[in-house]
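The structure under discussion appears below in the form of structure tokens.
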There are 2 protein chains.
Amino acid sequence: MNKEKDSNTEEQILDAAKNVFQTKGMDGARMQEIADLAGINKAMLHYYYRSKQLLFEAVFKNAFSLLAPQLNKILNDDSSIEDKVKNFTSNYISFIIKHPYLPNFIIQELNRNPDFIIKIQENSSLLNIEKFKQQVELEVSKGILKPTKGDQLFINILALNIFPFVAKPLVKAFVKIDDEGFKQLMEQRKTDVSEFIINSIKQH
Amino acid sequence: MNKEKDSNTEEQILDAAKNVFQTKGMDGARMQEIADLAGINKAMLHYYYRSKQLLFEAVFKNAFSLLAPQLNKILNDDSSIEDKVKNFTSNYISFIIKHPYLPNFIIQELNRNPDFIIKIQENSSLLNIEKFKQQVELEVSKGILKPTKGDQLFINILALNIFPFVAKPLVKAFVKIDDEGFKQLMEQRKTDVSEFIINSIKQH
DNA sequence: ATTTAGTTTAACCATATGGTTAGCAAATAT
DNA sequence: ATATTTGCTAACCATATGGTTAAACTAAAT
């Protein structure tokens, strides 16, 4: 057996599957299209991944494992809330510009099958907002922040950063811009969003 | 012919189609499932709506026409930005609690087929952010608001209001709540979100 | 009573789709 | 040298799916 070629085929399949699943979703994806994109026989998909469901799960886990460390930064990091907001906003927007289909894919598929998140919750110590909430409480009591609820703040941070990418067609239509204009708008948000949040919660 | 019954069947189909399309999307929806839910023969779907695509479009247009007036309020209304933010936030969250699948459906399908929004743009005078932007500029120059970009503010308002519903499974997992807890969290946001926005942009 | 038009159903059709199988060719092990 | 395992392909299969059709039914119009 040729190890080089083995892993290569398997990777090519996963690559093609990422492409197709992330743009068309589980329901819209076709095994044949994945095979064509990978340049191999359809039977190979089943040879390496058994079923559409399992191939999809491989893609989904892969996608989530890319996103997880991004979210982890804001939850389990020791910098101040202000620094977290600034860093997360800038980093996350850069990250999504590199992986534009990720947030939409994850949100769409979680809505299609909410049980998915249970599996994720079991496997990863992620998705724990407690430390963040305590930190907000502490900074509120110290007078650094105005009275603020940790969970709502967290939702707001996610919303302001993720939403524009998820609703990209809507945003493009409202603001009347093309892809290039959208990219510029998102670049601007790297600083605008953190300012918007800090302005709102910081005690002055 | 029985007009009562006519429109009834047609409506029953549209109702069932709304249900199925809005929860499963175009790709995940099955004509047979829609027919079963409507309690009629599958051929009736084609009798009244010709094809899956046209039935879907009827559902989509219907959904968008529900959402449009909501967005219109914030774009073409004469109250102050502060009042707009307060009213929109409260009204929109109430609205979505009544139609929980709407935002997700629209966003998902616009991403699947971005051309859809072109048709919408042609037909409706909606989706024009100009008045809102001018109003922001005016209030900034009057010193009511801090320096603020109208388009970014509009995106932020949409993001903070819409995102939690679109990402509901994610939010539930992070905050560790069930459906009841989610509903309470959203009720709280009716005031929290507008405060969050006003705090950020109002000159003081 | 009969015609006419709209409505509904069961059966059917062509195609798409996820998945399987038999066999081949090359590499590896014996 | 031979047997065995592995990677791969072409052909195939069963079922699902969107869509069609011909005939039956209903109710109003003549």
Side-chain angles (χ1 to χ4, degrees), chain A residues 1-63 105 108-109 112-113 115-116, chain B residues 1-63 105 108-109 112-113 115-116:
Chain A
M1 61 194 141
N2 182 340
K3 270 206 173 176
E4 185 100 9
K5 214 183 173 191
D6 283 7
S7 56
N8 207 335
T9 301
E10 200 170 337
E11 269 177 45
Q12 275 179 307
I13 292 175
L14 197 64
D15 258 19
K18 267 186 216 171
N19 250 289
V20 176
F21 277 128
Q22 290 187 9
T23 50
K24 310 213 166 170
M26 171 66 168
D27 292 331
R30 294 293 161 249
M31 294 297 266
Q32 189 61 58
E33 190 182 351
I34 295 172
D36 290 348
L37 191 62
I40 47 110
N41 189 287
K42 183 163 69 82
M44 283 291 92
L45 303 183
H46 296 94
Y47 182 76
Y48 283 106
Y49 291 92
R50 267 198 91 76
S51 70
K52 186 185 185 185
Q53 179 64 26
L54 287 174
L55 178 54
F56 171 80
E57 285 178 24
V59 170
F60 188 86
K61 279 173 193 162
N62 192 295
F105 172 65
Q108 184 181 326
E109 297 304 327
R112 200 180 54 84
N113 184 2
D115 296 337
F116 249 150
Chain B
M1 63 194 142
N2 183 340
K3 270 209 177 176
E4 185 100 10
K5 214 184 171 190
D6 283 8
S7 57
N8 208 336
T9 301
E10 200 169 337
E11 269 177 45
Q12 274 178 307
I13 292 175
L14 197 63
D15 258 18
K18 268 185 215 168
N19 250 289
V20 176
F21 277 129
Q22 290 186 11
T23 51
K24 310 211 166 174
M26 171 66 167
D27 292 331
R30 294 291 160 253
M31 295 297 267
Q32 189 60 58
E33 190 182 350
I34 295 172
D36 290 347
L37 190 64
I40 48 110
N41 189 287
K42 183 163 67 83
M44 284 290 91
L45 304 183
H46 295 95
Y47 181 77
Y48 283 106
Y49 293 91
R50 267 198 92 76
S51 70
K52 186 184 184 185
Q53 180 64 26
L54 287 174
L55 178 54
F56 171 80
E57 285 178 24
V59 171
F60 188 86
K61 278 174 192 162
N62 192 295
F105 172 65
Q108 186 181 324
E109 297 302 329
R112 201 179 54 84
N113 184 1
D115 295 336
F116 248 149

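Sequence lines set the chain letters: A, B, ... in the order given, protein chains first and strands last, and positions in each chain run from 1. Not measured: the values here are computed from a predicted model.
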Margin query: If you go through the side-chain atoms of A:K52, does one of them form a donor-acceptor pair with the base of C:dG19 closer than 3.5 Å?
Written below: no

Notebook entry, point to check: Is a donor on one side and an acceptor on the other found under 3.5 Å between the side chain of A:K18 and the backbone of A:I13?
Noted result: no

Check: Is a side-chain donor or acceptor of B:Q12 paired with a backbone partner of B:G39 at a separation under 3.5 angstrom?
Finding: no

Next item on the list: Answer with base, sugar-phosphate or nothing: what part of the nucleic acid does A:M31 contact at a heavy-atom distance below 4.0 Å?
Entry: sugar-phosphate

Check: Looking for any heavy atom pair under 4.0 Å, which part of the strands does A:A29 touch: base, sugar-phosphate only, or nothing?
Finding: sugar-phosphate

Margin query: Below the 4.0 Å mark, does D:dG7 have OP1 or OP2 next to a side-chain nitrogen or oxygen of A:T9?
Written below: no

Checklist line | OP1 or OP2 of C:dG18 under 4.0 Å from side-chain N/O of A:R30 | finding: yes

Using whole Å, what does the distance between atom [atom2] of nucleotide [N] and atom [atom1] of [X] come to?
{"X": "A:K42", "N": "D:dC13", "atom1": "NZ", "atom2": "P", "value": "14 Å"}
{"X": "A:M44", "N": "C:dG18", "atom1": "CE", "atom2": "C1'", "value": "15 Å"}
{"X": "A:D36", "N": "D:dT9", "atom1": "CG", "atom2": "C1'", "value": "14 Å"}
{"X": "B:E33", "N": "D:dA16", "atom1": "CD", "atom2": "C1'", "value": "13 Å"}
{"X": "A:Q12", "N": "D:dG7", "atom1": "CD", "atom2": "P", "value": "14 Å"}
{"X": "A:Q32", "N": "D:dC12", "atom1": "CD", "atom2": "C1'", "value": "14 Å"}
{"X": "B:Y48", "N": "D:dG19", "atom1": "OH", "atom2": "C1'", "value": "18 Å"}
{"X": "A:Y49", "N": "C:dT20", "atom1": "OH", "atom2": "P", "value": "17 Å"}

Check: Between B:L55, B:V59, B:N19, B:I40, which is the residue that forms a side-chain contact (heavy atoms from CB on, under 4.5 Å) with B:I34?
Finding: B:L55

Output the single nucleotide from [options] whose closest atom is nearest the side chain of [X].
{"X": "A:Y47", "options": "C:dT8, D:dG7, C:dA10", "value": "D:dG7"}
{"X": "A:H46", "options": "C:dT20, C:dT9, C:dT7", "value": "C:dT20"}
{"X": "B:A43", "options": "C:dA10, C:dG19, D:dT17", "value": "C:dA10"}

Check: If you measure only the distance, is there a donor-acceptor pair under 3.5 Å linking the side chains of B:E109 and B:N113?
Finding: no

Note to self: Taking the six-membered ring of A:F60 as reference, does the cationic atom of A:R112 (NZ for Lys, CZ for Arg) lie under 6.0 Å from its centre and within 45° of its axis?
What the structure shows: no

